[in-house]
Undergrad: 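Okay, handing you the structure first.
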Amino acid sequence: MEHIVAQGLSRRYGTGHTAVDALLDVSFSINSGEFVAVMGESGAGKSTLLSLLGAMNPPTSGRYVVDGIDVYGLPSEKRADFRREYLGFVFQSQNLVPYLTLAENVMLPLAVVKESSRKKREMARAALERVGLEDLGHRLPDEVSGGECGRAAIARAVVNQPPVILADEPTGSLDSATGTRIMKLLADLNGQGSTIIMVTHSEASAEYANRLIRIVDGRLARSAHSPKAGVLLVC
Amino acid sequence: MNLLTIARKNLARRKGKAAFITAGLAVGAATVVAVAAFVGSMQADINHKLEQYGANILIMPEVKSLGLNYAGIQLGGVSVATREIPQEELALIHTIKNKANIAAVSPLVLGAVAVNGREVLLAGVDFSAVGIIKPWWKADGAFPVGDQALLGSEAARHLSLSQGGGFSLSGREIRVSGVLASTGSQDDNLVFMPLAEAQTILGKEGLVTMAEVAALCGACPVDEMVNQIAEKIPGVKVMAIRQVVQGRMDTLDKIKGLSWGVSGVVAVVGAMVMLVTMMGSVRERTREIGVLRAVGFRKSHVVKVLLAEAVALSVLAGVVGWVVGLAGAQAALVFLVDANHVRVALDPLLAAVSVGLTLVLGMAATAYPAWQAARLDPGMALRAL
């Protein structure tokens, strides 16, 4: 069954002579449990596509449907609820809140959920365990390494077990060893059933995906199976 | 982990900014509290002094002609009272609408008598009321009872009498129980006796020449009380001694108006400090707010976080402002008014006003930055990469 459907998504910034089409008529569908890498040059429209898929940036035209929900047909506040329940975000620079401990950062999506504090702590501990940070939950972000921050960001993305994880250059600011560990974590999550959509410049990171979407000048260039799936990609 | 955790932790991280905002609001609140406490204490001080002045309402018989005297110099045309006032009518004073404001009623009967061959004015007074009406009286000896008399200082010198001495009056042997210290008033020339004895000696049983009333004048409407007494006791002239009261109250009103104006401006400046600081804070936290929105915070959640921070700082500023304001008012009283007997009251209502004021200012100053924060595009977090 088609899990995510994008139909003719376009996004224009500005108006008149200064208007820029960041994304033009992009359509694709993603099945549940897929690991999709989105690649392209800088300025190609990858981040615009990810913010559209993240329910944070309404398209100029087109539809975006997840599990039958027309995401941009939802009112703004309901779309916030959708983000919380359906999506987990992993940002390039982790974007951990600096004055919260790692455990509190992981609990951030739960802050507006009506659950007991104990239950929230248990969920955060479980998420930290999944990324191997169970002993560092009490530390502030500036008290741990970049790789540990990246793992904490993944724990935050999965703490409420969303069906879709969106990752924007998750290894972009990390050394190769740490980047590899982060990619293995994402692959593990995908193995456990999460649908992952990852924007990346890195061919090495893209190899963890089982499908690749390439964006060129705002348009979809090719959608194909990645080398991991045994099919060479030709764009 | 909830929205309050985020607000609390952010305030703890940004202690300097939090202290700056708190100080800005607290200065405004402290100014308002100081003005309110200072003015309140000044009013209390004035009331206290007015009570020390004694009577502020006089009840006299109606007169047929104007008296031709000025500053005690008699030029003829002595006023003639149409009648004495029946003493029992004075009881009606305690039935007026503002009876709660009456501290004391002191009847006075006057008449000329001869003592040791010299004419003096005998005054019969109710000594239980005199302590309130004329608290400045200091007697060398005791207040008289029965056939005893208290002499004014000039009268004692004129009659060559002192405490323990005696004289004959209308066939009665009167003992001098004491001599008043000089008051600088007409009282120095009088011979005082208990009201009933003086009425008998003067042949005015059940009558009084005039009465003095002390009204507690914090906010009491003296003019209305004058009218109320005049209605109850027809045929008498009721007058308010109001010049001093009115003058002081007018001055205080002017000070009050100016002070409220200044404190209003200071409070608004405090709110502006908070507005600018909160707007800067929102700008600094753009990425953080974007992250919150990205992980599923509604706009209202972001607003709640910012308002929770504003509430915490406002309440703290209100309490600090109350304490500092009271301390400032007390210092001002000591240094500016020389009113050592006046203490600023720890008025809980003023604390509530202070906290309420800072809450209103804090909420008003945070509303716009919070609205701006809520409007932030959640995609900002991604674009900020």
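Every value quoted in this text rests on a predicted model; they were computed, and no experiment measured them. Just so you know, these numbers use all the heavy atoms, side chains as well, and skip hydrogens, waters and symmetry mates. So you know, we letter chains A, B, ... as the sequences are listed, proteins then strands, and number each from 1.
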Undergrad: Got a second to check how far Asn105(A)'s CG is from Tyr99(A)'s OH, nearest 0.5 Å?
TA: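 Here the rounded value is 9.0 Å.
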
Undergrad: When only pairs under 4.5 Å are counted, which of Arg285(B), His301(B), Arg293(B), Lys9(B) shares the most heavy-atom pairs with chain A?
TA: Lys9(B)

Undergrad: Do other residues, nucleotides or ligands put more than 12 heavy atoms under 6.0 Å from Phe20(B) CZ?
TA: no

Undergrad: Between Val36(A) and Phe28(A), is any pair of side-chain heavy atoms under 4.5 Å apart?
TA: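 When only atoms from C-beta onward are counted, Phe28(A) and Val36(A) do not touch, as no gap falls below 4.5 Å.
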
Undergrad: Is it the side chain or the backbone of Arg14(B) that comes within 4.5 Å of chain A heavy atoms, both, or neither?
TA: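 When you check distances to chain A, no heavy atom of Arg14(B) falls under 4.5 Å.
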
Undergrad: Check whether Ser76(A) gets within reach of chain B through its side chain, its backbone, both or neither, counting any heavy atom under 4.5 Å.
TA: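 Ser76(A) touches chain B through side-chain heavy atoms alone.
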
Undergrad: CG of Asn10(B) to NZ of Lys17(B): how many Å apart, nearest 0.5 Å?
TA: 9.5 Å

Undergrad: Is chain A contacted by the side chain of Leu4(B), its backbone, both, or neither, given a heavy-atom distance below 4.5 Å?
TA: neither

Undergrad: Is it true that Asn160(A) and Arg84(A) share a donor-acceptor pair across their side chains at a distance under 3.5 Å?
TA: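 No, no side-chain donor-acceptor contact under 3.5 Å.
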
Undergrad: When only pairs under 4.5 Å are counted, which of Pro109(A), Gly88(A), Ala103(A) shares the most heavy-atom pairs with chain B?
TA: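 Looking at each of Pro109(A), Gly88(A), Ala103(A) in turn, Pro109(A) comes out on top.
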
Undergrad: Check Ala373(B) against Val302(B) and note the closest heavy-atom contact, atom names and distance.
TA: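 Looking at all heavy atoms of both residues, the shortest contact is CB-CG1, 4.0 Å.
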
Undergrad: Check each atom of Arg79(A) against the heavy atoms of chain B and say whether the ones under 4.5 Å are side chain, backbone, both or neither.
TA: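 Contact with chain B: none, neither part.
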
Undergrad: Identify which of Glu77(A), Arg83(A), Arg121(A) forms the greatest number of heavy-atom pairs closer than 4.5 Å to chain B.
TA: Glu77(A)

